[in-house]
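Contents: one structure, followed by commentary.
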Amino acid sequence: MTVKKNPYLELIEIPPGYLNIMGYVDESEVNGPGCRAVVWVQGCLRECPGCFNLRSWSFEINQLMAVDTLVEKITSNPNHEGVTFSGGEPFWQAPALANLARKVKARGLNVMSFTGFTLERLQSEYAPAGSQDLLAQLDILVDGAYVESLAINSPNSPVSSSNQRVHVFNPSLKDSINWASDQTEIHIFKDGSRLITGYLGTQII
Ligand code: SF4
């Protein structure tokens, strides 16, 4: 099978067992069903006009975090029902995310991911390395890049532009496409930094 390699990732050293992340937050209710941890990975090639997350584009090392450290952070919070992968482009770090997903699912949590790829592309021979493994772990996938001309601009939509699709692979979650996309959350961390996330996207300020 031919899998696509990201030329940037080949130049940047991410140690085995680690992820290069843009951010992490506990107890979000606007990035998937229920109360969830969210992992924003670092790096995206698409440069979508109108992207709300410009800091996620660079593939340079931002924050290296061990998969096992993330597993502990996510599963040690009893309020978490699942974890969502966002970005950046999660599927450029699919092998490590598949490993993370496998471990949190073993502890009873569900896993969702956003991606700028279409599901069909991820199922094809041109998918990034490890895509099949990550897909096999997902309960929900929201696919498709943000297209500004197709922006929905509705707080009631689970997607940002009308080309994007919600795929529910776990039948028990089929009635759970009700995350509070009409809300924006502001998380304030101990160091004073803030993360704003919700239907307008995500910013760390
Ligand atoms: S795929 Fe997402 S993170 Fe990447 S440029 Fe587009 S909107 Fe931004």
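Whatever order the structure lists ligands and atoms in, that order sets their numbers, starting from 1.
Using a 4.0 Å threshold on non-hydrogen atoms, atom 7 (S) of ligand 1 counts as touching the protein.
Rounded to the nearest 0.5 angstrom, F59 CZ and E89 CD are separated by 8.0 Å.
The two residues L64 and I14 have their closest heavy-atom pair at CD2-CG2, 4.1 Å.
No continuous path of hydrophobic side-chain contacts links F117 to Y146 [ILVMFWY only; heavy atoms under 4.5 Å].
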- salt bridge (Lys or Arg N to Asp or Glu O under 4.0 Å) evaluation trace for D68 with K103: CA-CA 8 Å; D68 287 342; K103 290 180 175 181; 2.7 Å; yes
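Q42 is linked by a side chain to side chain donor-acceptor pair (under 3.5 Å) to nothing, counting only residues two or more places apart in sequence or in another chain.
Of all protein atoms, those that are N, O or S and lie under 2.8 Å from atom 8 (Fe) of ligand 1 total 1.
Residues W40 and F114 keep their aromatic ring centres 6.0 Å or farther apart.
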